[in-house]
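The figures here come from the full heavy-atom set of this structure, side chains too, leaving out hydrogens, waters and symmetry mates. Counting convention: from 1, in listed order, for ligands and their atoms alike.
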Amino acid sequence: MKIRIVRAAPPKPSGPTVVSGRRFLLVWVGLALSSLCLGCGPGTPSPSAGGKLQVLATTGMIADTARQIAGEHAYVAALMGPGVDPHLYQPSTRDQRRLREAQLVFYNGLHLEGKMVEVFESLAKEKSVVAVSADIPEERLLSWADAAGMHDPHIWFDVALWKTAAETIVAAFCEADPQHSADYRANGAKYLIELEKLDQYCRQRVEEIAPDRRVLITSHDAFHYLGRAYGFEVVGIQGISTETEAGLRRLTDTVDLIRARRITAIFPESSVSRAAIERVAVDAPVKLGSELFSDALGAADGPAGTYVGMIRTNIDSIVEALSGESK
Ligand SMILES: [Zn+2]
């Protein structure tokens, strides 16, 4: 059995079955079993050496979420480690091999992994390749100002949206490994409660910042979902993708905004060059807050080494920097 989830212009199903009424979730039933699956029953991947499902995710946020849901039944690895920028990421030969060997692949979609679209399309011909953004209703997605018809991919910054991504991951595990589906659902339900608490934590902490001080200026446009969910105005010096560098106009506009609004702190990001934001900080002048984890988790053994830890660390850093006395 193969699952292919795509967003934007999905192929007309001719033979595939559309399940759950979700127009982007197409399940190809009865296609030839992949080489990994020879000898297994339909829908059951072959056990790997350790008897666990071998899963590969692109970003650390997806890999961590998948691990929480997989529990003991899968080995989940991330392609992109701390500080890695997914917009620019090009898979190495080793990565290509890992992608071929994995039994289930998760990616963000919405062109976050802009250089890997062809790789996913090719992989989807032979295995389950799942975009975790696929089940988020289109009306909940923000548009991508620089690219007509496309959506902002930074969905993990609205915890409510990430709950939908977690549910997509649960469904994919159940599909790939039905004999453990009860465990995947139970782990998923537990994790959703944790995400609900995280969402509440963010809302409570933001209350510590005076309403007129809730302006978040960062290196690139990663935080619009956070802004919408928790009530910040958001300004990214670079665009939504880091592919284009900040123009001089955008730098001077940002400096003007900081002065006019008497903003007390702006924020560098862990996966983006600090050059532009440091220049703005000097020109304004304004304090640089702690580095925010934008498109990658922090070190595995650090406070931002999990999705929940990343979001908490960011909110704590933002509140600490913006809730102080104005200059
Ligand atoms: Zn980004």
Q) For the Zn ion (ligand 1), does an N/O/S atom of D221 lie at less than 2.8 Å? A)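 No, outside the cut-off.
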Q: Measure the spacing between CZ of R94 and CG of L79 and express it to the nearest 0.5 Å.
A: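 Separation between the atoms: 9.0 Å.
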Q.
Can you tell me how far apart OH (Y201) and CD1 (I311) are? Round to the nearest 0.5 Å.
A.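 It comes to 12.0 Å.
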(Q) Among residues at least two apart in sequence or on other chains, which ones pass salt bridge (Lys or Arg N to Asp or Glu O under 4.0 Å) with D283? (A)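 D283: salt bridge (Lys or Arg N to Asp or Glu O under 4.0 Å) contacts with R279.
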Q | R203: partners by salt bridge (Lys or Arg N to Asp or Glu O under 4.0 Å), with sequence neighbours left out | A | D199
Q: Using only N, O or S atoms, tell me which atom of D295 is closest to the Zn ion (ligand 1).
A: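 It is OD2 of D295.
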Q. For the Zn ion (ligand 1), which N, O or S atom of H220 is at the shortest distance?
A. NE2
Q.
How wide is the angle at the Zn ion (ligand 1) spanned by H87 NE2 and H154 NE2, rounded to 10 degrees?
A. 110°
